[in-house]
Number of protein chains: 2
Amino acid sequence: MFADNLIQKIRETSPICLGLDPNLEMIPECIKRDYSLGNSILKFNEEIIDAISDLVPILKPQAAYYEQYGLEGIEALKITIETARSKGLLVLLDAKRNDIGSTAEAYANAYLKEGADFESDALTVNGYLGSDGILPFTDLCKKNGKGLFILVKTSNPSSGELQDLELKDSDLVYSRMAEWVKFWGQDIIGESGFSSIGCVVGATFPEQAAYLRELLPNQIFLVPGYGAQGATASDILPCFNEYKEGAIINSSRAINYAYKNRPDLKEKQFAEAARDAVIAMKEDIDKALLP
Amino acid sequence: MFADNLIQKIRETSPICLGLDPNLEMIPECIKRDYSLGNSILKFNEEIIDAISDLVPILKPQAAYYEQYGLEGIEALKITIETARSKGLLVLLDAKRNDIGSTAEAYANAYLKEGADFESDALTVNGYLGSDGILPFTDLCKKNGKGLFILVKTSNPSSGELQDLELKDSDLVYSRMAEWVKFWGQDIIGESGFSSIGCVVGATFPEQAAYLRELLPNQIFLVPGYGAQGATASDILPCFNEYKEGAIINSSRAINYAYKNRPDLKEKQFAEAARDAVIAMKEDIDKALLP
């Protein structure tokens, strides 16, 4: 099942989730010169995957960055997912899908069903519609050993506009969402002690993360916001439990396009730069996690 | 701009939004016999579009129902959008996208940018992430004359789990979301008096709709829940303003697959059955709207 697989892979590698978000402007000229749009994305992604597959447990393509390039981009997403999984990486598709029950079932079939074109190991979803928009996803997670990460407290500056509203009983909206996540995930807990139904908790809000870590001992946190969004290694500490487990820290741009800050390397060595950036990030996290 | 175009088209035709959600099991055998998966969807959609394009202002393909069929389904979505727009229909892509600012911009470019593979006239989005997840969409709406429908109070049975939570000041979560929608849409109001930034309000909650209609006089309501989800014509009345304007009532399955309840027609006459169902729905709404 997803949670146990992920925890096992984290132990073998690192708690890093590598975001893989194509931005044509940032892809090296030496690739774009020789390939079409879709194949430029693929060539770039394949080299990155080869360079980091022994260092990270899970890859997170962000659907928007593929969808923005139309059909060609979406075809590149399909092949990227297949490539990453064939190299032994878990794939978390960051698509934040959400809808009423019958439609949520169609989304679940698109991304969590065996043999689907975009079959991934886990998916991000948005729980604003409540249980009947989430249960079709958790059903497939149970059946197919898949995982979910449900938005709880997001990393962006204005996440508090809705998520931090105070309720009558002095709870907050995001903490109520957290309680629902706990409920939705309570019967998919693996031998690792973690549920395959995790949540998204921004590294940019360490106090809220500490509160959520206590509330949700069985949830794996997907933690965006480290690096490009400004959170540091000490900010992510509260996302881990007392055994320094239970969180995957995402970084995308800072790793994918690390070659831009490496005057010592040639442009075509972008994958080497990405590998170095992953190693540096792992060291940064390891140091922060030291007792 | 989107709001004025939509209101004008509603006046010329009806306040019906036709959901076009492919379900291979429900597509007539006489089509599936002769066509591949993707082309079966397309052939079905094209016949439906031809049969109803003079009766409805706007078509709403639901992304999930195309994504579930993988690349072939997504290619059919692209051509369906192009076909509908070429016949003069507005297209609202129901994809409920949401993310942090930079990623929301990529989604906006995917669906609201001129020349994009999936260029639509409007998009549904989820505002759980707050302003910086919404403004990249509203920016493109202003620039390109596009529209948004933001989830406020959804039609599904469990929508209240999050959306109906009572806040400290005795407001509810969905009414606070409604106030944000008002704010996000306040500077994109057309000559019709309506904003291009509308909202989703389920027909299944008529009391909440009446409250929201009063709170949001300038918003167009996209109203799901009529027909298959159980709401009747009298339930949708509160979504309209005093001039019987400002709402589009969605129906999908009950129209697309109306031929299943027409023993008097041959299977291949499915588009005729859909046309008849639209006419009956319009009569049902017109009767309810009579003073």
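From a predicted model like this one, the values you see are computed outputs, not experimental measurements. A, B, ... follow the sequence lines: proteins, then strands. Residue 1 opens every chain.
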Inset, instruction - Tell me, for A:Glu67 versus chain B, whether the close heavy atoms (under 4.5 Å) come from the side chain, the backbone, both or neither. - result: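 Both backbone and side chain.
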
Legend entry - Heavy-atom proximity to chain B below 4.5 Å, by part of A:Val200: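 The answer is neither part of A:Val200.
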
Top contributor to chain B interface from [options] [non-hydrogen pairs under 4.5 Å]:
options                              : answer
A:Gly160, A:Ala104, A:Gly70          : A:Gly70
A:Lys153, A:Lys113, A:Arg97, A:Glu72 : A:Arg97
A:Ser158, A:Gly202, A:Gly101         : A:Ser158
A:Ser155, A:Ser102, A:Ala116         : A:Ser102

Legend entry - Engaged part of B:Glu75 at the chain A interface, taking heavy atoms whose separation is under 4.5 Å: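 Contact with chain A: backbone and side chain both.
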
Inset, instruction - Specify whether A:Tyr174 and A:Tyr211 have parallel, tilted or perpendicular ring planes, treating 30° as the upper limit for parallel and 60° as the lower limit for perpendicular. - result: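 Answer is perpendicular, since the angle exceeds 60°.
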
Inset, instruction - Anything under 30° is parallel, anything over 60° is perpendicular, the rest tilted; go ahead and classify B:Tyr111 against B:Tyr107. - result: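 Rings of B:Tyr111 and B:Tyr107: parallel, as their planes differ by under 30°.
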
Largest heavy-atom contact set with chain A, pairs under 4.5 Å, which of [options]:
options                               : value
B:Gly73, B:Ala64, B:Ala110            : B:Ala64
B:Tyr65, B:Tyr128, B:Trp180           : B:Tyr128
B:Ser131, B:Ser159, B:Gly133          : B:Ser131
B:Leu162, B:Ile74, B:Asn109           : B:Leu162
B:Leu129, B:Ile100, B:Val173          : B:Leu129
B:Asp117, B:Asn126, B:Leu165, B:Leu77 : B:Asn126

Looking at [Y] and [X], is there a salt bridge between them, counting it only when a charged N and a carboxylate O are closer than 4.0 Å?
X        : Y        : result
A:Asp121 : A:Arg85  : yes
B:Lys142 : B:Asp187 : yes
B:Arg176 : B:Asp169 : yes

Under a 4.5 Å cut-off applied to non-hydrogen side-chain atoms, are [X] and [Y] in contact?
X        : Y        : result
B:Thr80  : B:Thr83  : no
A:Leu151 : A:Cys199 : no
A:Thr154 : B:Asp99  : no

Inset, instruction - Assess B:Lys78 against B:Phe118: is NZ or CZ under 6.0 Å from the centre of the six-membered ring, and within 45 degrees of the ring's axis? - result: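 Because its charged atom misses either the 6.0 Å distance or the 45° angle limit, B:Lys78 does not stack over B:Phe118.
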
